[in-house]
Structures are given as C-alpha cells and as structure tokens.
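Hydrogens, waters and symmetry mates are skipped; everything else that's a heavy atom, side chains included, is used.
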Amino acid sequence: MNHPVLAQIVPQVAAMSDRADKMKMVSKLSTSPGDRSASKIQAAFRKHQARLKLKKQAAWQIHEKLEYCSEQTEAKLKDMFEKLLKASDTLSPSVTKLLHKAGLPVEEKELLRLTNPDNIRIESNYQGPHIEGPITRKIFVDLIEAFKRGQILHEKYVCEILHQARAILKTLPNFNHIDLSYLRHVFIVGDLHGQLADLLHIFNSNGLPSIDNAYLFNGDFVDRGRNSVEVLLLLLVALILYPSSVFLNRGNHEDIMVTVRYGFYNEVNQKYRTRKAPLIDLFKDIFSWLPLYSYVDAGKCKIIIMHGGISDKVNLKKLNHLSRNRYVSIEVSPQSKTGGKKLTEEEDNEYHQMQDLFWSDPDPRGRKGCRKNEDRKMACFFGSDITHQFLKKYNLSMLIRSHQVKQDGYEYTHDGKVLTVFSASNYCGGSNWGAVVRWDYNEEEPWIISFKTQAVEMEKLSFSKQVTLFEDPVYHSLIEKIMTNKTALLKRLEKADKNKNDHLPLTTWADIMSDVLQVDLPWLILRSKLVQEDEHGILYKTMFNDYILDNSKFQMSNAGIMEDLYMWKDMLLALFNLIDYNHSGFISRNEFADIVKLILYGENDMGDVNDAYVEELTSAMDFDKNGKIDFNEFLESFRIVNIKKPPSSTKRSDIKNKTSGLNGTIIEEIRV
C-alpha cells in the first residue's frame with residue numbers, strides 16, 4: 001500500500017513502485033513459454049536483489065554497532081571522572097586539580113592575552129591566504145579556494161576568526177530562533193565531521209550562505225575527517241558574515257575531551273605547533289558557547305532541531321535558562337554552584353539533560369519509553385511515545401536530529417515525526433550517502449537532497465567485493481577489539497572447551513564473543529571472516545592466527561600487559577592530554593603512573609591497585625629510560641599487525657566519474 005506522506009517525499013520512488021506493480025499484473029496474464037521464462041527470470045532477479053539488500057542491511061548494522069562500540073570509551077571516561085571527583089581525597093592534590101580543570105571554563109583574561117591576533121607575527125615565508133581588514137564575502141570565497149588547494153590558514157587569522165565568532169556566540173541565547181516568514185527557507189546540514197569535500201559540495205549545489213539563503217549546521221563539525229579546522233573556520237566565517245541567517249548547534253563532538261580521541265585535537269596540534277595550547281583552549285571555549293538547539297517557525301509547521309535527541313527528562317524551559325558555557329565537556333560534570341564535590345539533585349538533572357540532547361538516539365527496536373542507550377553507554381534511547389508527548393507538550397510538528405550515520409543520508413522514524421539527517425558521505429571509509437534537508441516557508445514536508453562524493457559504483461561490483469569494500473574500516477576495528485582482549489577470550493574459550501580439542505559449538509563461541517567483548521553482533525554471520533570451522537565446530541584458536549599485537553619499540557614478557565596498554569590507549573590518551581597541560585607531548589614517569597592508577601581506580605571501583613604492576617607498565621613506557629614518557633611515540637608505534645599477505649588493491653577501473661565536483665571530487669546526487 002502506498003503511504004501518502006512517502007509518496008510526497010519520494011515521488012520518483014513512489015512512481016517507480018506503481019509501475020513495478022503494473023508490470024507484475026501484466027506478467028501474470030501472460031501464458032506463453034517465453035513469457036513464463038521471463039517471469040521466472042524476473043522472480044529470480046527480485047529474490048537476488050532482496051538477498052543483496054538483506055546482506056547489505058546486515059553489514060550496515062555491523063557498521064553501526066561497531067561505531068557505537070568505539071564511543072563507549074566516552075561513557076567509561078565520564079563514569080570514571082565522576083567516581084574520581086567524588087573520591088578526590090584519595091588522589092594527589094595536583095591530579096585532583098587537573099581533573100577539575102577538565103570541566104572548568106577557560107580563564108577569560110589569560111585566553112585573550114595568549115590568543116590576541118595583534119601579538120602574532122606573520123612569517124615572511126607564509127604562502128597562505130591573508131585577511132586584511134573586516135571579513136567580507138570575498139574573503140570567504142578566497143578561504144574556500146585556499147582550503148581546496150590544501151593551504152593552511154595562519155594562526156594569526158585563525159585567532160581573528162575565532163574571536164569575532166566568539167563575540168557573536170556569547171550574545172546568543174541557548175537556542176536559535178529561525179523564522180522562515182522572513183528567511184523563506186533554510187538548509188539543514190547534519191554531521192560533517194571534518195569532510196571538507198562534502199561541505200564544499202553542499203555550498204556548490206545549494207549556494208553559499210547569504211542573507212536570503214539560510215543554513216543551520218546541526219553539530220559534529222569536527223573529528224574523523226582530516227579538515228576539521230577548515231570546516232569549522234568556514235562555518236564560523238559564515239556566521240560572522242550572516243549572523244541572522246547562519247545558525248550553529250552544538251554536537252557531541254564539540255567537546256574537547258571527545259576531540260582528543262577522534263582527531264580534531266591532534267589536527268590542531270599538527271597544523272599549529274607553535275601555538276597549539278592556547279588555540280586548543282580557544283576552540284574549547286567556543287564549543288561551550290554554541291547554542292544547544294534550534295526552533296524553526298516554518299508557518300504551518302513548527303520544528304525543533306538538536307544534534308542527538310530527547311528523553312523524558314528534557315525540559316526546554318530549563319535548557320533555555322541554564323549557563324551553557326559551564327558545560328565545557330559533557331564527559332566531566334561541571335563544578336557544583338554550591339562549592340561541594342557532588343552536584344545537587346537539580347544540577348545533576350540539568351547535566352543529564354545536556355547528555356540526552358547531544359547523545360540520545362531513537363530506540364532502534366521500536367520500544368516505548370526511555371531506557372539506557374545500550375549501544376553508546378551514554379544518554380538514552382527514546383521511544384515514539386516520548387517523541388509524541390514532547391511534540392504535543394511544546395506544540396511542535398517534527399523533530400530533526402543528526403548524530404547517526406544512515407545509508408541514504410537520512411531516515412524517518414517514529415511515524416514520520418523524527419527525521420535524522422547526516423551529511424558526511426562515505427563516512428569513515430564507508431559507502432553511505434550524505435544528505436541535506438531544505439524546509440520552505442508554509443511547506444508541511446521538507447525537500448531532501450542526497451549526495452555522495454568520491455562515489456564508488458557499488459552495483460557493478462560482485463557481492464563479495466561490495467561487502468569487503470563496505471566493511472573494511474569497521475572490520476579493522478573489530479579485529480582491534482578482539483586482539484586487545486586476546487588473553488581474556490582465550491581463557492574463556494579454553495575453559496568452555498571440555499574435550500580439549502580446540503573446537504567449540506557455534507553458539508558457545510558466539511555467546512563468549514558477546515560476553516567478553518561486550519558487543520552485541522551477529523557473530524554467526526561474521527564467523528567466516530574471523531575464524532575457521534569444520535564439521536566438529538569452531539576452531540577458536542584460528543581467530544588469532546592472522547594478526548599480532550605489535551610495538552616496534554618494545555616487546556613484553558607478559559602479553560597481557562601489552563593488551564592492557566592497547567585496550568586502555570584511548571583513556572590513556574585522554575588523561576595524558578589532561579595532565580600534559582602545556583601540550584609538550586611528554587609527561588614524567590610519576591605522572592604516567594598516576595594515569596594508570598586513575599584507570600585502575602576507575603575499573604576496580606576505587607579498589608586496591610597493584611603497585612608492582614603499575615611500575616612494570618611505567619617502566620615499559622619509558623623507552624629511553626630518561627624519566628619521561630613520549631606518549632605520541634607510543635601511539636604511533638603501537639599497531640595491530642596483519643601477518644598475512646594483504647589482498648591486491650582495488651583497480652582504477654572500479655571507479656566511475658559521475659559528475660565533476662569541487663576540488664576534483666566525484667559526486668553523485670539525487671533529490672527527493
């Protein structure tokens with residue numbers, strides 16, 4: 001049965017469905033042998049297409065599960081910080097001070113002094129773009145052209161842009177009010193994640209921001225992609241030029257503690273080595289001033305747009321009046337206004353609302369109510385009943401959010417009342433489309449524009465190649481998780497092997513994988529990529545044959561210690577950068593020992609810590625035995641190594657140029 005709303009949103013697809021139904025009806029009337037053969041071929045083709053679709057959906061579900069799994073470290077960090085701050089009397093004063101510092105706003109006078117553009121000299125050999133005088137539309141276009149060529153903007157001009165944008169952001173309320181009776185339409189852009197090609201394609205296809213061409217960017221401008229700095233700078237320049245028609249919402253990645261893990265932090269350090277510390281602080285402060293959500297008055301429709309979602313706790317009246325810049329990081333709770341160690345009940349409720357706004361997802365199983373987000377281990381899953389109650393309470397027509405990669409770049413849920421839009425195409429090496437939403441005044445439904453840069457013509461590849469190409473980035477992260485838990489896995493697998501013949505039943509192996517790795521994946525479907533089997537069951541030890549955990553700097557007698565170091569590397573990195581307050585890349589052995597103790601305190605729930613174990617870890621990390629830990633050297637040399645010969649690379653003939661886009665990218669686009 002054709003759905004009228006879908007027919008309006010996707011007229012081409014609806015029309016094709018109608019034609020397909022008529023073709024089926026005609027084929028049933030045919031009786032000749034040739035026609036019957038054609039019918040059989042059509043039926044076989046449809047079954048083949050259905051199987052491909054199911055396999056692709058399975059691969060996509062694996063991708064999503066692993067994506068969420070990688071973000072569970074954020075929840076662990078948040079929980080650990082909360083435990084440590086509550087028990088700070090047990091820690092050294094210097095460490096306690098640093099833990100509190102992570103959640104504090106930047107000191108204003110010091111920030112302005114260290115990032116004053118007037119005090120920054122431009123070197124004579126600088127070849128990048130210049131900003132002379134006020135920022136104009138010409139400068140905006142010049143920056144786009146420079147970034148297309150791979151040029152890096154001088155830190156003097158970066159500071160100029162950041163300070164001008166910061167001044168505007170500080171004057172804004174906690175939410176953007178977007179009135180389409182005046183603006184006529186708005187483009188809503190989802191996650192960009194530092195993918196400059198996608199942003200430039202969006203501008204090229206839909207026009208640059210202007211007084212009469214409004215844009216709302218719905219968070220997650222940074223991380224993952226390699227041009228997060230340039231993407232963010234272009235958005236801030238657009239805000240400076242058109243503050244009444246360019247709007248920014250904060251996402252969960254506009255959080256300096258998150259950027260330590262996902263790339264933006266390191267990108268700033270690499271591009272601006274001489275002034276990295278004050279620039280990091282300036283970005284950190286700007287993130288804290290971004291509005292929390294947007295309200296769009298589209299005439300017949302009233303729309304709310306936030307990055308993550310809602311919960312049964314979210315109260316817009318309270319969100320509208322909180323001090324948003326207190327929330328420098330969502331991983332570290334702000335200090336209580338009372339001066340106590342613990343947040344008051346009201347403050348704790350406010351803190352959880354902020355988490356829900358940035359991190360929540362629609363319930364993937366269609367369940368009612370709110371429950372803990374089992375995938376991210378942060379914020380909640382919210383059901384369709386929560387959506388309908390929320391929209392009714394605030395007299396809203398629809399909720400638009402981002403935060404989740406979707407195959408087509410967008411997805412409707414909750415009876416068409418929730419629309420997810422994601423604008424980073426081929427995200428993390430995947431094959432998803434990006435999408436942009438356009439909402440016009442007095443329209444009851446949006447236009448959705450899907451696009452893909454650097455597109456691969458997937459339908460012309462064999463299915464095995466499709467899956468390999470699609471799963472490769474996430475498959476690597478799964479292997480990484482398996483190898484960092486090798487000791488724990490082997491212990492459980494060998495214990496379950498009652499016959500001591502290195503075989504286990506399929507379901508036993510799958511249950512152990514889920515239990516040890518704490519990832520709910522379709523292990524039976526994945527087994528052919530992970531482990532060998534024969535008529536007696538799973539040969540579980542073959543799972544570790546093709547890879548080793550390797551560090552070119554040192555090898556340890558205790559393999560479990562190497563696994564621990566690798567398993568903790570993300571948390572180590574976050575804590576390292578917290579303690580390395582001047583961003584030198586070095587900390588002392590004693591400081592590293594404190595980091596390990598913090599992790600062990602967090603994992604053991606403030607239990608006993610084995611000092612001999614901490615000393616062995618610390619000694620192993622001091623490569624040069626000079627009392628200093630070079631953490632970047634450790635991260636760069638620590639790898640999961642494939643000891644099998646890698647497959648041959650994809651041939652050039654697998655790529656087809658659809659249309660030529662900005663900066664030579666390959667672009668496909670459909671409008672629905």
Query raised in the report: Would you call Arg367 and Glu374 a salt bridge, using N to O less than 4.0 angstrom?
Result: yes
Query raised in the report: In Å, rounded to the nearest 0.5 Å, how long is the span from CZ of Phe247 to CD1 of Ile178?
Result: 4.5 Å
Query - N-O pairing of Asp363 and Arg371 below 4.0 Å - result: yes
Report summary line: Closest non-hydrogen atoms of Cys380 and Ser311, given as atom of the first, atom of the second and distance, are SG-CB, 3.5 Å
Query raised in the report: Among side-chain atoms of Ser423 and Asp198, is any donor-acceptor pair under 3.5 angstrom?
Result: no
Query raised in the report: Per the side chain to side chain contact (heavy atoms under 4.5 Å, CB included) rule, which among Leu234, Leu233, Leu196 passes with Asn227?
Result: Leu196
Query raised in the report: Does the side chain of Trp447 reach to within under 4.5 Å of the side chain of Asp440, using non-hydrogen atoms?
Result: yes
**Report entry** Expected output: side-chain Glu350 to main-chain Leu322 donor-acceptor under 3.5 Å
**Finding:** no
Query raised in the report: Do Arg401 and Asp361 sit within salt-bridge range, that is, some charged N less than 4.0 Å from a carboxylate O?
Result: yes
Report task. Check the angle between the aromatic planes of Phe217 and Phe221 and answer parallel, tilted or perpendicular using the 30° and 60° thresholds. Result -> perpendicular
Requested in this report: Could you tell me whether the side chain of Ile202 reaches within less than 4.5 Å of the side chain of Tyr215, counting heavy atoms only?
Outcome: yes
Query raised in the report: Side chains of Ser450 and Asp408: do they bring a donor and an acceptor to under 3.5 Å?
Result: no
Requested in this report: Assess whether ring pair (Phe, Tyr, Trp, His ring centres under 6.0 Å) is satisfied between Phe264 and His253, documenting all intermediate values.
Outcome: CA-CA 9 Å; Phe264 176 70; His253 279 260; over 10 Å; no
**Report entry** Distance-minimising heavy-atom pair for Ile286 and Arg166
**Finding:** CG1-CB, 4.0 Å
Query raised in the report: Taking C-beta and beyond as the side chain, do Val222 and His193 meet within less than 4.5 Å on heavy atoms?
Result: no
Query - side-chain hydrogen bond (donor to acceptor under 3.5 Å, both in side chains) assessment of His185 paired with Asp212 - result: CA-CA 8 Å; His185 71 263; Asp212 57 357; over 6 Å; no
Requested in this report: Please determine if Glu230 and Lys271 form a salt bridge, counting it only when a charged side-chain N lies under 4.0 Å from a carboxylate O.
Outcome: yes
**Report entry** Asn176 versus Ser294, side-chain donor and acceptor atoms under 3.5 Å
**Finding:** yes
Requested in this report: Evaluate the ring planes of Tyr327 and Tyr351, with Trp represented by its six-membered ring, and classify them as parallel (under 30°), tilted (30 to 60°) or perpendicular (over 60°).
Outcome: parallel
